[in-house]
Enquirer: 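Dumping the structure here so I can ask a few things about it.
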2 protein chains.
Amino acid sequence: MTILNDVTLEQGAKILKLLGDKTRLNIVSILMHDECCVCELVEVLQMSQPSISQHVAKLKSAEIVKERRQGQWIFYRINESVSVYPLVKSIVNHFPDQQEVIRNLEKQGLRVCCDN
Amino acid sequence: MTILNDVTLEQGAKILKLLGDKTRLNIVSILMHDECCVCELVEVLQMSQPSISQHVAKLKSAEIVKERRQGQWIFYRINESVSVYPLVKSIVNHFPDQQEVIRNLEKQGLRVCCDN
DNA sequence: CCATTATATAAGCATACACTTATATAATCA
DNA sequence: TGATTATATAAGTGTATGCTTATATAATGG
C-alpha cells in the first residue's frame with residue numbers, strides 16, 4: 001500500500017465533514033458515474049429541490065463537484081482535477097455502486113441528459 | 001482498482017461524519033501507528049482532558065477504536081477487526097504520517113506507554 | 001485511609017447544520 | 001411578452017455539535 005499524502009488533516013477533515021452526510025455521500029456516489037442535474041437528483045433521492053440545491057452548493061464550494069450549464073439545466077459532475085479527488089474517489093470505492101439508480105431513471109424516461 | 005463495497009452509504013456517512021472533525025481525524029491518524037492513552041493525546045493535541053475523552057468516546061461508540069485498561073491508564077487503539085476498518089485505513093493513508101508526534105513525545109519523556 | 005493521578009460524565013452554552021417555506025433568477029417556449 | 005420549468009437563495013426553526021466548567025469514578029501509592 002503506497003502512502004498517498006495528498007491533503008493535510010485540516011483539508012481532509014473539511015472534505016470528510018461534507019461527505020459525512022447521507023444525502024451528499026449519495027450524490028457524490030451517483031455523480032462518480034455520470035453527470036446529473038438537480039431535478040434528476042430530486043427524483044432519485046426523493047428530496048425537495050432547495051435541499052438538493054443546497055447540498056450540491058456545498059459540494060461545489062469545496063470543489064468536489066463542478067457545474068456545466070446547458071439550457072435550463074445545470075449539470076453537476078465530479079471534479080477530477082482537484083487535489084482531494086483521490087481521497088473522494090477512494091472513499092466512494094468502499095460503498096455499493098450507485099450506477100443502477102441512474103439506469104432506473106433512464107428506464108422510467110426521467111433522464112434529462114438523454115433527451116438532448 | 002478493485003471495488004471494495006464493505007459498507008453501506010448510511011454506515012459510511014456515520015463514519016465520515018465522525019472523521020470529519022480535525023481533532024478526531026488527528027487522533028485516528030495517531031492511533032494508526034501506536035496505542036495511546038488520553039493524557040498523551042491531551043499533551044500532543046494541546047486540548048482539555050474532557051474534550052479528548054469525549055472525542056475518543058465517540059470513536060469508541062462507533063467501534064473505530066478499542067480500549068485497554070492498564071492500571072490508571074486506558075490505552076486506545078484502532079479497531080482493525082471491524083467492517084469499517086478498511087475505509088478508515090484508506091482515508092488515513094491520504095494524510096501526512098503522524099508517527100513523528102509520538103516520537104517527539106518519547107523524546108520529551110512524556111510517553112506513558114514506555115514506562116511500564 | 002487519604003491524597004494524587006487518570007479518565008469519564010454531566011450540564012450549560014454558542015455555533016453549525018439540515019431541513020422547511022417563500023421568493024428570486026434564469027432559460028425556454030408558445 | 002407571458003407562462004412554464006429549472007435552479008438558487010434567503011429566512012426561519014429545531015436539532016446536533018464541540019467546547020467549557022464542575023463533578024464523579026477508578027486505580028495507585030504513601
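Letters A, B, ... mirror the listed sequences (proteins, then strands); counts begin at 1. Just so it is clear, the structure is predicted and the values come from calculations on it, not from any experiment.
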Enquirer: Roughly, in whole Å, what's the span from NZ in A/K17 to P in D/dA16?
Expert: 15 Å

Enquirer: Quick check: on DNA chain D, is the nucleotide nearest A/Q49 upstream (toward 5') of the one nearest B/R24, or the reverse? Name the residue that is more 5'.
Expert: A/Q49

Enquirer: Go through C/dA11, C/dT7, C/dC17 for me and flag the one nearest to the B/Q54 side chain.
Expert: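 Nearest to the side-chain atoms of B/Q54, counting from C-beta on, is C/dA11.
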
Enquirer: Using only atom types and a distance under 3.5 Å, with no angle test, would you say the side chain of A/E63 pairs donor to acceptor with the backbone of A/K60?
Expert: no

Enquirer: Given C/dA18, C/dC19, D/dA8, identify the nucleotide with an atom nearest to the side chain of A/D21.
Expert: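 Closest nucleotide to the A/D21 side chain: C/dA18.
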
Enquirer: A/L16 and B/L19: which non-hydrogen atoms are nearest, and at how many Å?
Expert: CD1-O, 3.5 Å

Enquirer: Can you tell me if the side-chain N/O atoms of A/K58 get under 4.0 Å from OP1 or OP2 in C/dC17?
Expert: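 It does not, given that no N or O in the side chain of A/K58 lies less than 4.0 Å from OP1 or OP2 of C/dC17.
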
Enquirer: Side chain of A/S51, heavy atoms from C-beta onward: which of D/dT28, C/dT20, C/dT7 has the nearest atom to it?
Expert: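 It is C/dT20.
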
Enquirer: Counting side-chain heavy atoms from CB outward, which of C/dC19, D/dT7, D/dT20 is closest to B/S48?
Expert: D/dT20

Enquirer: From D/dA8, D/dT21, C/dA18, pick the nucleotide closest to the side chain of A/V56?
Expert: D/dA8

Enquirer: Measure from the side-chain heavy atoms of B/Q72 and tell me the nearest of C/dA6, D/dT21, D/dA8.
Expert: C/dA6

Enquirer: Nearest whole angstrom, please: distance from the P of D/dT4 to the CH2 of A/W73.
Expert: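 Rounding to the nearest Å, CH2 of A/W73 and P of D/dT4 are 17 Å apart.
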
Enquirer: Could you tell me the separation between the CZ atom of B/F75 and the C1' atom of C/dT7, rounded to a whole number of Å?
Expert: 12 Å

Enquirer: How many whole angstroms separate atom CZ of A/R68 from atom C1' of D/dT7?
Expert: 15 Å

Enquirer: Considering only heavy atoms from C-beta outward, does the side chain of B/H55 approach that of B/I27 to under 4.5 Å?
Expert: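 Yes. Closest side-chain heavy atoms under 4.5 Å.
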
Enquirer: Calculate the interatomic distance between B/L41 atom CG and C/dA6 atom C1'; express it in whole Å.
Expert: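 So the two atoms are 13 Å apart, to the nearest Å.
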
Enquirer: Consider the side chain of B/H55, meaning its heavy atoms from C-beta on, and name the nucleotide among D/dG18, C/dC19, C/dA22 that approaches it most closely.
Expert: D/dG18

Enquirer: Name the closest nucleotide to the B/E67 side chain, picking from C/dA8, C/dT20, D/dT5.
Expert: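 Per side-chain heavy atoms of B/E67, the pick is C/dA8.
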
Enquirer: Counting only N and O atoms by type, is there a donor-acceptor contact under 3.5 Å from the side chain of A/E40 to the main-chain atoms of A/C37?
Expert: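 Present.
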
Enquirer: Less than 4.5 Å apart, side chain to side chain, heavy atoms only: is that true for A/K89 and A/M32?
Expert: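 They are in contact (side-chain heavy atoms under 4.5 Å apart), so the answer is yes.
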
Enquirer: Expressed in angstrom and rounded to an integer, what is the separation of B/K60 atom NZ from C/dT7 atom P?
Expert: 13 Å

Enquirer: A/K22 has an atom NZ; how far is it from atom C1' of C/dA18, in whole Å?
Expert: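 Whole-Å distance recorded here is 13 Å.
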
Enquirer: Nearest to the side chain of B/R69 - D/dT20, D/dT7, D/dA26?
Expert: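 Output: D/dA26.
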
Enquirer: In whole angstroms, how far is the C1' atom of D/dA27 from the CD atom of B/Q70?
Expert: 12 Å

